[in-house]
Amino acid sequence: TQSTRPQRLLAAVHKKATRGNPRSVVKAIDEFCNQNEWAMNVGNEKGEILDSVVSETNPGCVLELGTYCGYSTVRIASLLPPHAQLITLEFNPDNAAVARQVIAWAGVAEKVRLVEGESGEWIPKMKEQFGVKTFDLVFLDHWKNRYLLDTKLMEECGLLKKGSVLLADNVVCPGAPDYLEYIRNSPQYKSQFFKSHLEYTKAEDGLEKSVFLG
Ligand SMILES: O=C(NCCCOCn1ccc2cnccc21)c1cc(-c2ccc(F)cc2)cc(O)c1O
Ligand SMILES: [Mg+2]
């Protein structure tokens, strides 16, 4: 039977990356996507911006919406302080299965909780199911038409506190216009746009970093 792109990406990780070395996993995926097949990982250019935001936030509790194959999960987890936790949500079970193996190969599994399901269902359960108080950092990388809905849902569920950071991928391509409109005009957020490019291409894209002011 025919393999899927995530399965071919995982094969490249097993072949080229060193078990327990997150940076080698990130490098292997970027090489695969540059040389073999495009895939919707955040990529290295936007990934370096992600790394700098994670490092400066020094988060104890992170939520990632949109695991895909675990590329950004591994980037984030490899920068977390000891005992910090990353909860990552993936809707597609086949992608989740690949992501679990990428995360394990990178050696960051003990920092990561991968949950299979939809943001609208799981965000309201974060406190009761996982003992989350608030998120210090949220990386939005799932359905672009759910960025705004889920941000409002996180506000309503009391999952954001003064200083919580939202970092949204793809605010130019594919774009999240309603999210940008809301977050840039809301007095409750201080936003900053990081211009970049769509992963593995020359197309314009960027990340929007927004600090919740409480
Ligand atoms: O679509 C994208 N990502 C989202 C995947 C589904 O996510 C579904 N999903 C994952 C958790 C989750 C939780 N709740 C609901 C849905 C949930 C996405 C797309 C592109 C892209 C850019 C140009 C193109 F020509 C084609 C594609 C680039 C990206 O960087 C992306 O991130
Ligand atoms: Mg993305």
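All ligand and atom numbering here is 1-based and tracks the order in the structure.
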Nearest protein heavy atom under 4.0 Å from atom 14 (N) of ligand 1, yes or no = yes
Using heavy atoms and a threshold below 4.0 Å, how should the contact between [X] and ligand 1 be classified: side chain, backbone, both, or neither?
{"X": "L198", "value": "side chain"}
{"X": "W38", "value": "side chain"}
{"X": "D169", "value": "side chain"}
{"X": "D141", "value": "both"}

request  = For G117 and ligand 1, answer yes if some heavy atom of the residue is under 4.0 Å from a ligand atom, otherwise no.
outcome  = yes
Residue pair S3 / R8, side-chain donor-acceptor N/O under 3.5 Å = yes
query = Does one side chain, of N92 or Y68, offer a donor that lies under 3.5 Å from an acceptor on the other?
reply = no
Can you sort out which atoms of ligand 1 are near [X], meaning under 4.0 Å from one of its heavy atoms?
{"X": "S119", "value": "13 (C), 14 (N), 15 (C)"}
{"X": "L89", "value": "11 (C)"}
{"X": "G66", "value": "10 (C), 11 (C)"}
{"X": "E118", "value": "14 (N)"}
{"X": "P174", "value": "19 (C), 20 (C), 21 (C), 22 (C)"}

key: Matching residue for I87 among V132, V112, L114 - test: side chain to side chain contact (heavy atoms under 4.5 Å, CB included)   = V132
remark   = Which of T134, L149, I123 passes side chain to side chain contact (heavy atoms under 4.5 Å, CB included) with M154? Answer is I123
message = Is there a side-chain contact between V102 and I29 in this structure, where contact means two heavy atoms from C-beta onward sitting under 4.5 Å apart?
response = yes
message = Going by the closest heavy atom to atom 1 (O) of ligand 1, which one wins out of E90, E64, K144, E121?
response = K144
ask   = Considering only heavy atoms, which of W122, W143, Y68 lies nearest to atom 16 (C) of ligand 1?
value = W143
ask   = Which word best sums up how the rings of Y147 and Y179 line up, parallel for under 30°, tilted for 30 to 60°, or perpendicular for over 60°?
value = perpendicular
inquiry  = Could you check whether atom NZ of K125 has more than 12 heavy atoms from other residues, nucleotides or ligands sitting under 6.0 Å from it?
reply    = yes
Atom pair [atom1] ([X]) and [atom2] ([Y]), whose distance is rounded to the nearest 0.5 Å:
{"X": "H197", "Y": "N44", "atom1": "NE2", "atom2": "CG", "result": "14.0 Å"}
{"X": "D178", "Y": "N145", "atom1": "CG", "atom2": "CG", "result": "7.5 Å"}
{"X": "K161", "Y": "F212", "atom1": "NZ", "atom2": "CZ", "result": "11.0 Å"}

key: D141: its N/O/S atom lying closest to the Mg ion (ligand 2) (atom name)   = OD1
For the Mg ion (ligand 2), the closest N/O/S atom belonging to D169 = OD2
Distance-minimising heavy-atom pair for S119 and L65 = CB-CD2, 4.2 Å
Geometry only, no angles: is [X] polar-contacting ligand 1 at N/O separations under 3.5 Å?
{"X": "T67", "result": "no"}
{"X": "E199", "result": "yes"}
{"X": "N170", "result": "yes"}

request  = Please report which non-hydrogen protein atom sits nearest to atom 17 (C) of ligand 1, along with the residue it belongs to and the distance in Å to one decimal place.
outcome  = F91 CB, 3.5 Å
message = To check your reading of the model: name the closest protein heavy atom to atom 5 (C) of ligand 1, its residue, and the distance in Å.
response = M40 CE, 3.6 Å
query = Can you tell me if an N/O/S atom from N170 lies under 2.8 Å from the Mg ion (ligand 2)?
reply = yes
ask   = If only atom types and distance count, is the side chain of S186 paired as donor or acceptor with the main-chain N or O of I183 below 3.5 Å?
value = no
ask   = In terms of hydrophobic clustering (I, L, V, M, F, W, Y; side-chain heavy atoms under 4.5 Å; direct or indirect links), are V165 and F135 co-clustered?
value = no
